[in-house]
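In what follows, a single structure is set out as structure tokens and then discussed.
Chain letters run A, B, ... following the sequence lines, proteins first and then strands; every chain starts at 1. Given the structure is predicted, the values throughout are model-derived calculations rather than measurements.
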Amino acid sequence: MVDREDARYPSNFISNIMTADQASGKHQGRVKTRFPPEPNGYLHIGHAKAICLNFGLASEFGGTTNLRFDDTNPEKEDEHFMTAMRRDIEWLGFRWEEEHNASDYFEALHDFAVQLIKDGKAYVCSLSAEEIRSYRGTLTEPGTDSPYRSRSVEENLDLFARMRAGEFEDGAHVLRLKIDMASGNMNLRDPSIYRIRHVAHHQTGDAWCIYPLYDYTHCISDALERITHSLCDTGFEDHRPLYDWVLDQLDVPGNPQQIEFSRLNLQYTVTSKRKLKQLIDEKFVRGWDDPRMPTLAGMRRRGYTPYALRDFCRRIGITKSDNNVELALLESCIREDLEASAPRAMAVINPLKVTLVNFEKEQAETLQVPNHPKDPDMGSREVPLTRTLYIDQSDFRLEANKKYKRLVLGQEVRLRGAYVIRAVDVRKDEHGNIKEVLCEYDPDTLGVNPEGRKVRGVIHWVSAEDCVSAEFRRFEPLFTVPFPDAEETDYRDLINPNSEQRWQGFVERSVLQQPRAQRFQFEREGYFIQDDVDATTSGELVFNEIVGLKDSADKMRATLESD
RNA sequence: UGGGGUGUCGCCAAGUUGGUAAGGCACAAGGUUUUGAUCCUUGCAUGCGGGGGUUCGAGUCCCUCCACCCCAGCCA
């Protein structure tokens, strides 16, 4: 792959804030961000937007970024996801300054909670979950103070200590902040900040049986790490007053600012962890790294490049408005990268046998074919030409109008990198299906166009006598509608049954001389990469189509059918 | 009269103190081409959710209306 330097983010409202902050000397001119995933699933394209933003902007402003696993809910989390996330972030091309877990702060968080209790700003509430809900009121009606809201500091301290000591059952008590049960902002109606959970934590083992909640943990973690700009999605907009409230009560270093931007919505895909997991559990796909998944692991296996993904994240921009990005933009990014960096090769995905009747059996010729049409530095390769070949079935017709630029019975076409051939006859099977095309080649047309004749076009091919058989997997979106989440129908009923298509064909032998991870453009077909899982087990080559060539041929076919 | 947000071309999105609507994707039309790819050229918002107002001048200021999104986890 060509090594390219990333462009800067176009100006956006967050970079504008950072510019202004540095100008005014806020945070002493520092910029420090963090990427805080919860280790309960795999990172996906939506996370890529946040990763690129956090790491990209920090770097542009001379700052750094921390990786922080937001692991305050041991019931849903697992160390395995941390490993996968580190790998995905590194693959995307980013390096974090410090790695932390929110659980690293459990002791500090506990001490801050004790301080809040002493200050009369937190209390132990013994209402049940259902009771708390009903006391909370509704969106339009204020809540009611919990009967435990006026417990004494001493009693709260004692109860909280016993909560930590494991004296109570799960759910018996919670620690709550004392803010305002009548607030229009539900988040300020005495939010819970600690709950009792007698479960082991993947990092702290059984050291704790009380675990802090997100709103309380996140702002303090940010402050402890001296984060300056804490970026999150717009779903947390009305949590900001709580974020600020907590920090205002405590004597913590730094004063991080939470800034919200809208999450990515990509057409034809879902990104909720619940749904992605369901797709796997219910066998719609083969795993987190299935090439059709919008996970970074899936896109990596599919062959997407880190550069293309970063470019995509930059091109979609950063705002607070709802968006629905078209797949075409993502595809444009990957094509642009691969157009320049992928060596060309030929592969026949849906083979049709061709025999060059005037090509002697022992004549086998070795042609020298450039690896890139406009980059001589990519060199050339040897491609064998023999009496029998394969071309794609869609590249031959018994008859066709002049718009069809491929092989037609009785007419000429050029074999890419080789000679001009003329179809003189066909052989059919008992069902009348064409199983072989007999052609004559013109020995005077290697590297030169014939005199006085106009050849229809150029088609790709592969020697039938010297090639490698391979499976080709082509993909369509996982869903049949652009907004699977917005439909009335369950999204699982909107799954595209043709999301993966497998073809048995042939590829030129030269690909075997390239690294396993080499991305190719199979001319006139698309960009492909070897699947890094299946090929090794079956012994046969398996190629995943990364993205097809931009194809005005689709529309061409339509016009051809019409006349 | 719950709170918080957002509305600029089909999609994404620039638009600092009001000065006369960037760019990308998509699309269309030409040109080049031994990939119907790439590349090159050109086109694509008298208009900035609607309606008022202020102003010499408003996407940018004021008023008002409309639409859409988020919030009632002891999830994050």
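Taking atom C1' on both nucleotides, C25(B) is separated from C65(B) by 34 Å, rounded to a whole Å. For the P atom pair drawn from A22(B) and G59(B), the interatomic distance equals 13 Å after rounding to whole Å. As rounded to the nearest Å, U42(B) and U60(B) have P atoms that lie 32 Å from one another. The separation of A21(B) from G30(B), taken at their P atoms, amounts to 30 Å, rounded to a whole angstrom. Rounded to a whole angstrom, the distance from the C1' atom of A26(B) to that of G3(B) is 39 Å. When the C1' atom is compared between G50(B) and C56(B), the two are found 26 Å apart, to the nearest whole Å. Annotation: C44(B) and C9(B) have their C1' atoms spaced 8 Å apart (nearest Å). C11(B) and U46(B) have their P atoms separated by 15 Å, given to the nearest Å.
Looking only at atom types and distance, the side chain of Asn101(A) has a donor-acceptor partner in the side chain of Asp71(A) under 3.5 Å away. Ser394(A) and Asp392(A) share a side-chain donor-acceptor pair at under 3.5 Å.
Taking only side-chain atoms of Glu339(A), from C-beta outward, the nucleotide of A76(B), U38(B), G36(B) with the closest atom is U38(B). Of the candidates U38(B), G10(B), G2(B), the closest approach to any side-chain atom of Lys550(A) belongs to U38(B). The side chain of Asn185(A) sits closest to G3(B) out of G3(B), A72(B), C25(B). In the set A72(B), G4(B), C25(B), the nucleotide with an atom closest to the side chain of Leu139(A) is A72(B). Here the side chain of Glu523(A) is nearest to one of A14(B), U35(B), C12(B), namely U35(B). Picking from A13(B), U35(B), G10(B) the nucleotide with the shortest atom distance to the side chain of Asn323(A) gives A13(B).
Here C71(B) presents its P atom at 8 Å from CG of Asp238(A), a figure rounded to the nearest Å. The CG-C1' distance, from Leu407(A) to G36(B), rounds to 16 Å in whole Å. Between the P atom of G2(B) and the CG atom of Asn187(A) lies a distance of 18 Å, rounded to the nearest Å. Going from atom CD1 of Ile459(A) over to atom C1' of A37(B) covers 16 Å, rounded to whole Å. Rounded to whole Å, the distance from NZ on Lys320(A) to P on C69(B) is 18 Å. A straight line from CG of Asp322(A) to C1' of C69(B) spans 5 Å, rounded to a whole angstrom. One can place CD of Gln267(A) at 11 Å from C1' of A26(B), the figure rounded to the nearest angstrom. A straight line from CG of Asp395(A) to C1' of U35(B) spans 11 Å, rounded to a whole angstrom.
Within 4.0 Å of Gly447(A), counting heavy atoms only, lies at least one base atom of the nucleic acid. Among the atoms of the strands shown, base atoms are found under 4.0 Å from some heavy atom of His239(A). As judged by a 4.0 angstrom heavy-atom cut-off over every strand, Glu260(A) is placed among residues making no nucleic acid contact. Among the protein residues, Pro36(A) comes within range of no part of the nucleic acid, since none of its heavy atoms lies under 4.0 Å from any strand. Backbone-only engagement by Glu237(A) is indicated by non-hydrogen atom pairs under 4.0 Å involving sugar-phosphate atoms exclusively. Across all strands shown, Thr138(A) has heavy atoms under 4.0 Å from base atoms, whether or not it also approaches the sugar-phosphate.
Interface remark: the Arg406(A) side chain does form a donor-acceptor pair with the G36(B) base, using a distance-only criterion of under 3.5 Å. On a pure distance criterion of 3.5 Å, no polar donor-acceptor pair joins the side chain of Glu141(A) and the base of G2(B). For Glu525(A) and U35(B), a side-chain-to-base donor-acceptor distance below 3.5 Å is absent, hydrogens and geometry of angles not being considered.
Nearer the 5' end of RNA chain B, as judged by each residue's closest nucleotide, is the contact made by Gly317(A), out of Arg335(A) and Gly317(A). Between Gly457(A) and Glu77(A), it is Gly457(A) whose nearest contact on RNA chain B lies nearer the 5' terminus.
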Quick one: which protein N/O atoms are closer than 3.5 Å to N/O atoms of nucleotides 73-75 of chain B? Pair and distance per line, please.
unit_1, atom_1, unit_2, atom_2, d
G73(B), OP2, Arg133(A), NE, 3.4
G73(B), OP2, Arg136(A), NH2, 2.9
C74(B), OP1, Arg136(A), NH2, 3.4
C74(B), OP2, Arg136(A), NH1, 3.3
C74(B), O2', Arg197(A), NH1, 3.1
C74(B), O2', Arg197(A), NH2, 3.2
C74(B), O2, Arg197(A), NH2, 3.0
C74(B), N3, Gly171(A), O, 3.4
C74(B), N4, Leu127(A), O, 2.9
C74(B), N4, Ala129(A), N, 2.9
C74(B), N4, Gly171(A), O, 3.1
C75(B), OP2, Arg195(A), NE, 3.0
C75(B), OP2, Arg195(A), NH2, 2.8
C75(B), O3', Arg195(A), NH2, 3.3
C75(B), O2', Asn73(A), ND2, 2.8

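Ring geometry, Phe522(A) versus Phe520(A): the interplanar angle falls under 30°, so the pair is classed parallel (tilted spans 30 to 60°). Taking the six-membered ring where tryptophan is involved, the planes of Phe106(A) and Tyr211(A) are perpendicular, since the angle between them exceeds 60° and thus also 30°. The aromatic rings of His110(A) and Trp208(A) sit tilted relative to each other, their planes meeting at an angle between 30° and 60°.
Contact annotation: Ser11(A) does not reach the phosphate of A14(B) (side-chain N/O to OP1 or OP2, under 4.0 Å). Residue Arg524(A) has a polar side-chain atom (N or O) positioned under 4.0 Å from OP1 or OP2 of G36(B). Using a 4.0 Å cut-off, some side-chain N or O of Asn324(A) falls inside it from OP1 or OP2 of C12(B).
For G73(B), the O4'-C1' to base torsion is within 90° of 0; the nucleotide is therefore syn.
Base pairing of A13(B) is not made with any nucleotide, judged by Watson-Crick or G-U wobble geometry with both donor-acceptor distances under 3.5 Å. When Watson-Crick and G-U wobble pairs are counted only if both distances are under 3.5 Å, U6(B) pairs with A67(B).
Of all the heavy atoms in Pro241(A) and Glu237(A), the pair that sits closest is CD-O, 3.8 Å. The shortest heavy-atom contact between Arg456(A) and Arg406(A) is CD-O, 3.2 Å. Taking every heavy atom of both residues into account, Pro384(A) and Ser463(A) meet most closely at O-CB, 3.4 Å.
Remark: Glu260(A) engages Arg240(A) in a salt bridge, criterion side-chain N to carboxylate O under 4.0 Å. Between Glu60(A) and Arg8(A) there is a salt bridge, since a side-chain N of the basic residue sits under 4.0 Å from a carboxylate O of the acidic one.
Between Cys209(A) and Glu167(A) there is no side-chain heavy-atom pair separated by less than 4.5 Å.
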